[in-house]
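One structure is given below, encoded as structure tokens.
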Amino acid sequence: MNHPPLPTVAALDLPRYLGTWYEIDRLPMRHEPEDATDVSAHYTLEDDGGIRVRNRCLHDGELQEAIGQARPIDASNSRLEVSFLPEGLRWIPFTKGDYWVILVDAGYANALVGSPDRKYLWLLAREPHMDETTRQHYIGYARQQGFDVERLIHTPHTGHPTA
């Protein structure tokens, strides 16, 4: 399906975006079990300007972790490419995923992230829970941008933090 270009945040303040985020909702993806709980992502700046990505979740009671690296692809900092390949293989073409920050609130407490092909979408928050009015605002915006929000998986947070 053809989509218009996906708008992103005009200028992402990367230092403010770094830190821990909790997954509130996501579109299904093969890299994350549908029944995963307590999903978190932690972003830190590396010496070379890249961003270290540490994703964690609980699955069947076990902590799972994936470490990757992201890099902005333009001066807005809102369009990033991320790779979870081992460090020595990250140079291989076509092995990076799009991580585009579509919407972030003024306090950098909530964010909507997706891919321009509309296959991937994450609703993130600095806390493990989000009030329903705010959640519906972000989901409504994703719907307007062409994401299939009917397929969203709401991520349970059980009080067993992974961050």
Side-chain angles (χ1 to χ4, degrees), residues 1 6 12 14 16-46 50-71 78-105 108-143 145-163:
M1 176 181 238
L6 182 63
L12 186 70
L14 205 48
R16 288 185 70 200
Y17 192 80
L18 298 174
T20 300
W21 291 89
Y22 296 92
E23 182 183 272
I24 304 301
D25 291 286
R26 73 177 175 283
L27 283 177
M29 55 199 249
R30 68 176 186 258
H31 306 296
E32 188 174 326
E34 287 197 22
D35 58 346
T37 68
D38 303 285
V39 180
S40 65
H42 188 75
Y43 307 111
T44 53
L45 192 60
E46 297 180 317
I51 300 158
R52 182 178 188 263
V53 180
R54 184 185 75 199
N55 290 341
R56 288 180 161 183
C57 71
L58 291 178
H59 185 243
D60 293 333
E62 298 290 322
L63 180 67
Q64 295 186 358
E65 180 177 77
I67 303 293
Q69 185 183 54
R71 289 196 176 279
S78 62
R79 297 176 184 194
L80 298 101
E81 290 181 332
V82 65
S83 174
F84 286 93
L85 286 176
E87 190 171 343
L89 299 176
R90 291 183 185 154
W91 60 271
I92 299 173
F94 311 110
T95 61
K96 296 175 180 71
D98 292 313
Y99 181 99
W100 288 17
V101 182
I102 303 165
L103 200 58
V104 65
D105 68 340
Y108 280 66
N110 304 297
L112 189 64
V113 178
S115 60
D117 60 8
R118 280 43 171 206
K119 289 182 182 178
Y120 302 104
L121 181 71
W122 299 271
L123 176 54
L124 306 174
R126 294 292 189 178
E127 299 295 327
H129 303 283
M130 178 183 286
D131 73 80
E132 193 59 23
T133 301
T134 302
R135 182 173 172 257
Q136 289 305 319
H137 166 75
Y138 281 89
I139 290 172
Y141 186 80
R143 180 182 294 111
Q145 298 307 318
F147 288 91
D148 183 3
V149 298
E150 303 308 314
R151 296 178 50 235
L152 280 175
I153 297 169
H154 185 65
T155 307
H157 287 273
T158 66
H160 296 92
T162 56

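FYI, side chains are in, hydrogens and waters are out, and symmetry mates aren't considered; it's all heavy atoms of this structure. Numbering starts at 1 and runs along the sequence shown.
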Mind checking what makes side-chain hydrogen bond (donor to acceptor under 3.5 Å, both in side chains) contact with Thr158, not counting sequence neighbours? Asp38, His160
To check you understand the geometry: which heavy-atom pair defines the closest contact between His157 and Pro128, and what is its length? CD2-O, 3.1 Å
Between Val149 and Ala142, what is the shortest heavy-atom contact and its length? CG1-CB, 3.8 Å
Sorted by chain and number, sequence neighbours left out, side-chain hydrogen bond (donor to acceptor under 3.5 Å, both in side chains) with Thr162 holds for Ser40
Sequence neighbours excluded, the answer for side-chain contact (heavy atoms from CB on, under 4.5 Å) partners of Thr20 is Tyr22, His42, Ala163
Do you know the tightest heavy-atom contact between Gly114 and Phe147? CA-CZ, 4.2 Å
Hey, mind stepping through Leu121 and Leu112 against side-chain contact (heavy atoms from CB on, under 4.5 Å) and telling me if it holds? CA-CA 7 Å; Leu121 181 71; Leu112 189 64; 3.7 Å; yes
Would you indicate whether Glu65, at its atom CD, is surrounded by more than 12 heavy atoms from other residues, nucleotides or ligands within a distance under 6.0 Å? yes
For Leu6 and Gln145, which heavy atoms make the closest approach, and how far apart are they? CD1-CB, 4.0 Å
Would the distance check show the side chain of Asp60 and the main-chain N or O of Glu62 forming a donor-acceptor pair, the cut-off being under 3.5 Å? no
Report the distance from atom CD1 of Ile102 to atom OH of Tyr138, rounding to the nearest 0.5 Å. 11.5 Å
Closest approach of Val39 to Ala36 (non-hydrogen atoms, all atoms of both residues): CG2-CB, 4.2 Å
Between Gly50 and Leu45, what is the shortest heavy-atom contact and its length? O-CD1, 3.5 Å
Derivation of the side-chain contact (heavy atoms from CB on, under 4.5 Å) call for Tyr120 and Leu27: CA-CA 6 Å; Tyr120 302 104; Leu27 283 177; 5.9 Å; no
My understanding is that only residues two or more places apart in sequence, or in another chain, count here; which of them pass salt bridge (charged side-chain N to carboxylate O under 4.0 Å, His left out) with Glu34? none
side-chain hydrogen bond (donor to acceptor under 3.5 Å, both in side chains) against Arg26, all qualifying residues, sequence neighbours excluded: Glu23, Glu32, Thr155
If you measure from OH on Tyr108 to CG on Leu18, what distance do you get to the nearest 0.5 Å? 10.5 Å
The criterion is salt bridge (charged side-chain N to carboxylate O under 4.0 Å, His left out); which residues satisfy it with Arg118, sequence neighbours excluded? none
Of all pairs that satisfy salt bridge (Lys or Arg N to Asp or Glu O under 4.0 Å), the ones with a partner from residues 129-142, not counting sequence neighbours: Asp25-Arg135, Glu132-Arg135
Could you list the residues that satisfy side-chain contact (heavy atoms from CB on, under 4.5 Å) with His137, not counting sequence neighbours? Leu103
Could you list the residues that satisfy side-chain hydrogen bond (donor to acceptor under 3.5 Å, both in side chains) with Tyr17, not counting sequence neighbours? Tyr99
Check side-chain contact (heavy atoms from CB on, under 4.5 Å) between Ala70 and all other residues, then give those that pass, not counting sequence neighbours. Ile51, Val53, Leu80, Val82
CG on Leu14 to OG on Ser78, rounded to 0.5 Å: 10.0 Å
Can you tell me how far the CH2 atom of Trp21 sits from the CD atom of Glu127, to the nearest 0.5 Å? 10.5 Å
Verify, without hydrogens or angle tests, whether Arg56 (side chain) and Leu63 (backbone) share a donor-acceptor contact under 3.5 angstrom. no
Kindly write out the residues that satisfy side-chain contact (heavy atoms from CB on, under 4.5 Å) with Pro161, not counting sequence neighbours, or none if the list is empty. none
Could you walk me through whether Asn110 and Val104 pass the side-chain contact (heavy atoms from CB on, under 4.5 Å) test, one step at a time? CA-CA 6 Å; Asn110 304 297; Val104 65; over 6 Å; no
Within this structure, what is the OH-CG distance for the pair Tyr141 and Leu123, rounded to the nearest 0.5 Å? 13.5 Å
Interatomic spacing from CZ in Arg143 to CD in Gln136 - rounded to 0.5 Å: 7.5 Å
